[in-house]
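Below: one structure, written as structure tokens.
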Amino acid sequence: MEIIKKPKVEKVRMLERFTAVEPAPGTLYLTATHLIFVDPRNKKETWISHMHIASVEKLPLTPGGSPLLVRCKNFRSATFVIQREPDCHDIYTSLLQLSQPVELQDLYCFQYTPRSTELRQEEGWNIYNLRDDFRRMGVPNSAWTLTDINESYEVCDTYPPLLAVPAAASTAVLIGCARFRSKGRLPVLSYRHHNQASICRCSQPLSGFKARCLEDEQMLELVRMTNPSDKLMYVVDTRPKINAMANRASGKGYENESFYQNIKFHFFGIENIHVMRHSLSKLVETCESKTSAMSSFLSGLEASGWLRHIRTTLEAAQFVASSVEAGTTVLVHCSDGWDRTSQTCGLAELLLDPYYRSLHGFQALIERVWLAHGHKFTDRCGFIQQDPKEISPIFTQFVEAVWQLTQLQPQAFQFNERYLLTLHDHVFSCQFGTFIGNCHKDRQDLRLSERTYSLWGYMAHHRNEYLNPLYDPTLHPGCLKVNLAPQTIRFWRGMYTRFEFGVHPRDSLAEVTGCLSDHNSSLRDHIRLMEKRIAQLESRLNNAADGENHGGADSTSGTEKLSERRHIHDQVNANLQLPPLTADQLTRELDSVAIEWASPRGVRECSCTTAFDHFSKKFHCWRCGEIFCQRCLDRCLRLPGHLGGDPAPVCRPCYRLLTSSQSIDSQTT
Amino acid sequence: MLPRRRSAPASSAAGSTPAPAGEGEKWWPGGIPVRPRGSHYSGMEFADFIRTPKCDRVVLHQPLCPPLDGTLCITGHHFIFSSRQEEAQEVWVLHRMIDGVERRPNGMMGGAVAVKCKDLRVLVLDIYGVEEFNNIAHTLETLSNVDDIRLAYPFFFRSNLGGEDDWSEFSTEHEFSKLILSSDEWRISHLNSDFKVCESYPRSVVVPSSVTDEELIRVALFRHGGRFPVLSYRHDKGSILLRSSQPMTGNQRRCREDEKLINAALGSSGQKGYIIDTRTQNLAMSAKNRGGGYEPESHYPQWRRVHKPIDRQAAQLDSLQRLVDGLSDTAQGMDRWLGRLVSSNWMSHVKDTLNCACLVAQCLDQEVTSVLVHGADGMDSTLQVSSLAQLILNPDCRTIRGFQALVEREWLQAGHPFTSRHRHSVFAPAASRDRYQGVAPSFLLFLDCVWQVTNQFVTSFQFNDAFLLDLFQHSYASQYGTFLGDNVCEREQVQLRERTCSLWSHMNSVEVLPRYLNPLYEPNKRVIWPSVAPMSLTLWPGLYLRWTVDLSAQRAALARAHEIHAEHGQLRAKASKLRRRLQELQQEAVRRDLLQLAVSPDAN
């Protein structure tokens, strides 16, 4: 490959801000997919996917060498000091090319094949479909219908082929209305609540200063009528009023309350993509700032406005959710209806319906609100070379808003912080096809479901890592109540300074609780097995005692009876499809489950010398109870000591031990 | 100087206190409007201050709660609100907890009295009737400003906990016995047994054996307020932490005994020690004009002086005030709140204090060299730093008992003037600020720093949030005597030990202690290095936000985590038990030939 001029540079140092560790010389490798830094002294490996690189910058020469600053989309900011300037330049030019492919076809997902053979290509692509999600909401019904009017993407090329619209809306109304909406994004159902109120979404009307469209007015009226319980419908324009008014000059704008019957209009000042982009870059600047003074950090945080934007988004969502909960249908739009509208609808639905707060439901939500209804992931995330003005952290904001909610209601969500970070990582990593493309049509044209792996498939294999041990769905069976007071909205250290290893808590409640909760489930299963075995043995011993009592006079027949009984037992077991119980097997069962697990505290590295950081999960081998890194704990096995059939993670030595003993078993039987 | 006369022991539980004539000025510095008659006053006479002991039809507004209708009663030490509603609720507030009383009259209807407490809570009482309104406001104002600690509630309170009231815990002799036994370089000196050498020091202190009491007296004259360098902590690696007040170098004064004393802490290692001054260089310089100053290099060649500034107490109080102003407003914009948080500067104080403590700990642990810490008078930032450094270094301090010992040693015995500092807090009317010179939230800042560390090391501390919150609460107003008085001398004068109950005994009683335990605690022998990066420090929600937002979801989540932990213990115990039982049965079955060793080839 001619892009990579220098695949390996020695004696490179990687600078860190918040750790006392002296940067040690290491080796920088440049592969086709990753930039890898290996620091043998501190036993640290840093992998940076080319797709994650947001910018590469050569800093002024220093006595130690030539520094190269690599900023990533997952907020890693790494400075490598390379001794020779030409080497630095070679790496620099290669990275510039590698991190910005020209074509979607060059993205990593089209080459990616997982190391583990467990994940199959087709896995995950069929978990979610719109029809199921709508069926769950009770659609179609008398008020709503599913139409295939957009099957060939002629009405709106950024909408999915299947749309949920009012049953009473004729094709003419739908088409007429679509013509009056920016990019043809007509009002469609996003979510129907059990009280018949719903959330609908669309783009801004092409109203200009005085244009009107009867079909559009009719359509809104039909949407309103799907909910018999309220005479009014809210139209939420998530933009600041001034932006909406400015749009009228270019023939767009917002609904005139005097043309539309029975609507009530609300503006929510969520700023546009450009403001958000600037805000994030200011936030990142603050996090990277060289001074570590408290006041400059806090004032940087304030000046970035980032938390204000997050809070405004959440407030808009809270308004929508509480209106729907109170029985009023809400129509949400912004300009094109794919950025702010997706955020607001997504968050409002998360607040309204506990299903979306489960792992499965949350992914269904992302599939429907973000992917199916056309959030422009390729443009907003900057996957390929393109107009940088299209890039904006809209999905990042959504992920953060969800995180804020998990902090406000720690028991309401099935997933944990690691899940949100992994999701955010893989939206940008382009390792999976799930988020490639700008809309449903793009993804179909690219045949992603045949050519790439699905993130949902990958995540299903790692489900255990993403579970929130505190989750209790019974606590919040309905609409989630949160207090969005400014004092409760916090800076997300885990996201924006995730790679500053010095700033994180040394032991976190989440980690400890996660380990305990895993161990509890192992122990519970083991206890169930032991209780069963005890019952088995006790009945055997009691029966034998009975037998001895009965045939006390005739000892020879006693033993015969005994073996007879044992035979009967074995037969009973065989009928239950259980292998006959032996002492060896019992020993093996007891030996296969660890009653004590190593404490995760203070464990700095895996036995393979991979260092643990704040983000990496410490995995326990369920057989020996020792701690390993993800790479060393890649085997799962059904443990003999568990009654349930779920495979448990085991380390390699335990895996060998368990499988060899099983094979001996199978040989002898 | 305080009069040294010991007052007669209390005769009864009511606790009448004979007050020598002429002491009035000392005990009533602000000159409250009501003077005690004669030299003898008792709890009964509080009645004179109480204009309206009972008032019906009062509405109580508490933060985060719906308003309550009920009856207000005022006693000598509390006001008590009892609700008439179904689930009878009572709210008891110690007058000493009241920081400020704000009158909001409402014409002929009466008015509202806002009672602003030192624990940052604001209660509003709607009172019907002008006379009642004025009487109650006046009564609360008067009773909350009774400064004589001998009239404080602890002198009237008798614990109903059966346990022994033990004041003898945490004596200097006991706390340092291990050190004294293990090394003959240090001794316990009783030269201050009559508090003449240093008024704010305890009777006994630990000093180098090589320095005589006569020399110590000369050192005391050279240090601000007589606070000569004493041993605060000896690290496992042998390095020594000393603390003192600033030297009175003024214009070139020198004290050879002082140099000898602190050099003794360096031992024979020949390594340079560190003098950590908690003031800026400029402040230390300008202190010279008032006779103070710092240790000049020419006289202390074996020491390196480092200025690691922590803002002065008055600035800390202002910060806290601005922070609290911002807390109550939940309708403000995000930027406004962040702006207030920045301009309050409170988090900067937290960071600076922790930072300084980390530096001290680093010198002691990593450079293995001795450290002397002081600020100006050595009663605030010095103690914050010396106690936090121990928390970082010494695993014992992270247990409940160890932390109590730390507070006792480094704050109470070391003479942090709790009564003066906690006489008021952020709600005191600005007009009367001068009256309350010396008011500062030093101890709160310390507790905040401790919380930050516990938040970063959730399994390394035996105690939890509730423990720190209760310490905060009790340090301002309490039924226990522990935090009364400015120093040991004052406490002995009022016979605190004999006449009040100890907070530690209460906290350590079997009924109370479990509330403070952190179930996730695993003893951690290591030194724990907290991160002081700005993103690592957060506002302590349990303390600052508890009256602003409902934290029940967070508490429930924590409780669930504790449940998981408890479950884990039970499951492990059960699994071990079953395993033993199963092994017995297995042996038994094999012995009686009811269980084959392995599946025999002919079994199937």
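This structure is a prediction, so every number in the text was calculated from the model and none was measured. Numbers restart at 1 for each chain; the letters A, B, ... are given by sequence-line order, proteins then strands.
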Which one wins on heavy-atom pair count under 4.5 Å against chain B: A:Leu516, A:Asp507, A:Leu523?
A:Asp507
Please classify the contact of B:Leu537 with chain A as side chain, backbone, both or neither, using a heavy-atom distance under 4.5 Å.
both
Any donor-acceptor N/O pair, B:Glu567 side chain to A:Ser517 backbone, under 3.5 Å
no
What part of B:Ser343 gets closer than 4.5 Å to chain A, counting heavy atoms only: side chain, backbone, both or neither?
neither
Any side-chain heavy-atom pair from B:Leu594 and A:Asn543 closer than 4.5 angstrom?
no
With side-chain contact (heavy atoms from CB on, under 4.5 Å) as the test, pick out the partner of B:Lys574 among A:Met530, A:His526, A:Glu531.
A:Glu531
Would you confirm whether A:Arg540, through its side chain, and B:Ala589, through its main-chain N or O, come within 3.5 Å as a donor-acceptor pair?
no
From A:Leu537 atom CG to B:Gln583 atom CD, the distance as rounded to the nearest 0.5 Å
12.0 Å
Under 4.5 Å heavy-atom distance to chain B, tell me which part of A:Thr497 shows up: side chain, backbone, both or neither.
side chain
At a heavy-atom separation under 4.5 Å, does A:Arg311 approach chain B through its side chain, its backbone, both, or neither?
side chain
State, to 0.1 Å, how close A:Leu586 and B:Leu582 come at their nearest heavy-atom pair, and which atoms those are.
CD1-CD2, 4.3 Å
Residue A:Ala412 versus chain B: region with a heavy atom under 4.5 Å:
neither
Shorter than 4.5 Å, heavy atoms on both sides: which option in A:Val512, A:Leu470, A:Thr513, A:Thr312 has the most such pairs with chain B?
A:Leu470
Heaviest contributor of heavy-atom pairs below 4.5 Å to chain A, chosen from B:Leu571, B:Asn355, B:Val350, B:Val549, is B:Leu571
Contact summary for B:Ser348 and A:Ser295, nearest pair of heavy atoms:
OG-N, 3.9 Å
Report which part of B:Leu585 has an atom under 4.5 Å of a heavy atom belonging to chain A: side chain, backbone, both, or neither.
both
How long is the gap from OG1 on A:Thr488 to CG on B:Leu545, to the nearest 0.5 Å?
8.0 Å
Partner chain A: residue of B:Val532, B:Val458, B:Leu551 with the largest heavy-atom pair count (under 4.5 Å)
B:Val458
With a 3.5 Å distance limit and no angle check, can you tell me whether B:Gln456 reaches the backbone of A:His504 through a side-chain donor-acceptor pair?
no
Chain A contact via B:Val590 - which portion, at a heavy-atom distance below 4.5 Å
side chain
Please determine whether side-chain contact (heavy atoms from CB on, under 4.5 Å) holds for the pair A:Glu302 and B:Val342, giving the CA-CA distance in whole Å, both sets of side-chain angles, and the decisive distance to 0.1 Å.
CA-CA 9 Å; A:Glu302 181 204 347; B:Val342 181; 4.2 Å; yes
So for B:Ile564, is it side chain, backbone, both, or neither that comes closer than 4.5 Å to the heavy atoms of chain A?
both
Hey, does the side chain of A:Arg601 reach the backbone of B:Glu522 with a donor-acceptor pair shorter than 3.5 angstrom?
yes
Counting only heavy atoms closer than 4.5 Å, note whether A:Arg506 contacts chain B via side chain, backbone, both or neither.
both
Within this structure, what is the CZ-OG distance for the pair A:Arg493 and B:Ser536, rounded to the nearest 0.5 Å?
5.5 Å
More than 12 heavy atoms of other residues, nucleotides or ligands under 6.0 Å from CZ of B:Arg312: yes or no?
no
Any chance you could measure B:His565, atom NE2, to A:Asn520, atom CG, to the nearest 0.5 Å?
10.0 Å
Worked check of side-chain contact (heavy atoms from CB on, under 4.5 Å) between B:Arg579 and A:Val593
CA-CA 11 Å; B:Arg579 194 170 272 195; A:Val593 176; 4.3 Å; yes
Check whether B:Asn524 gets within reach of chain A through its side chain, its backbone, both or neither, counting any heavy atom under 4.5 Å.
both
Contact class of B:Arg526 relative to chain A, heavy atoms under 4.5 angstrom
side chain
Out of curiosity, B:Leu341 CG to A:Leu298 CG, how far, rounded to the nearest 0.5 Å?
5.0 Å
For chain A, which candidate among B:Met347, B:Glu563, B:His562 shows the most heavy-atom pairs at distances under 4.5 Å?
B:Met347
Under 4.5 Å heavy-atom distance to chain B, tell me which part of A:Thr587 shows up: side chain, backbone, both or neither.
both
If we ignore hydrogens and angles and just use 3.5 Å, is the side chain of A:Gln487 paired with the main-chain N or O of B:Asp329 as donor and acceptor?
yes
Specify which of A:His309, A:His519, A:Arg490, A:Gln409 makes the most heavy-atom pairs with chain B at under 4.5 Å.
A:His519
Measure across A:Pro410 and B:Ala553 and return the closest heavy-atom pair with its distance rounded to 0.1 Å.
CD-O, 3.9 Å
Using 0.5 Å steps for rounding, measure from the CG atom of A:Asn483 to the CG atom of B:Asp550.
8.0 Å
Does atom CZ of B:Arg572 have more than 12 heavy-atom neighbours from other groups under 6.0 Å away?
yes
Grab the two heavy atoms, one from A:Pro486 and one from B:Thr330, that are nearest each other, plus how far apart they are.
CD-O, 3.3 Å
Out of B:Gln586, B:Gln587, B:Glu588, return the one with the most heavy atom pairs under 4.5 angstrom to chain A.
B:Gln586
How close do B:Ala533 and A:Val503 get, heavy atom to heavy atom, and via which atoms?
CB-CG1, 3.5 Å
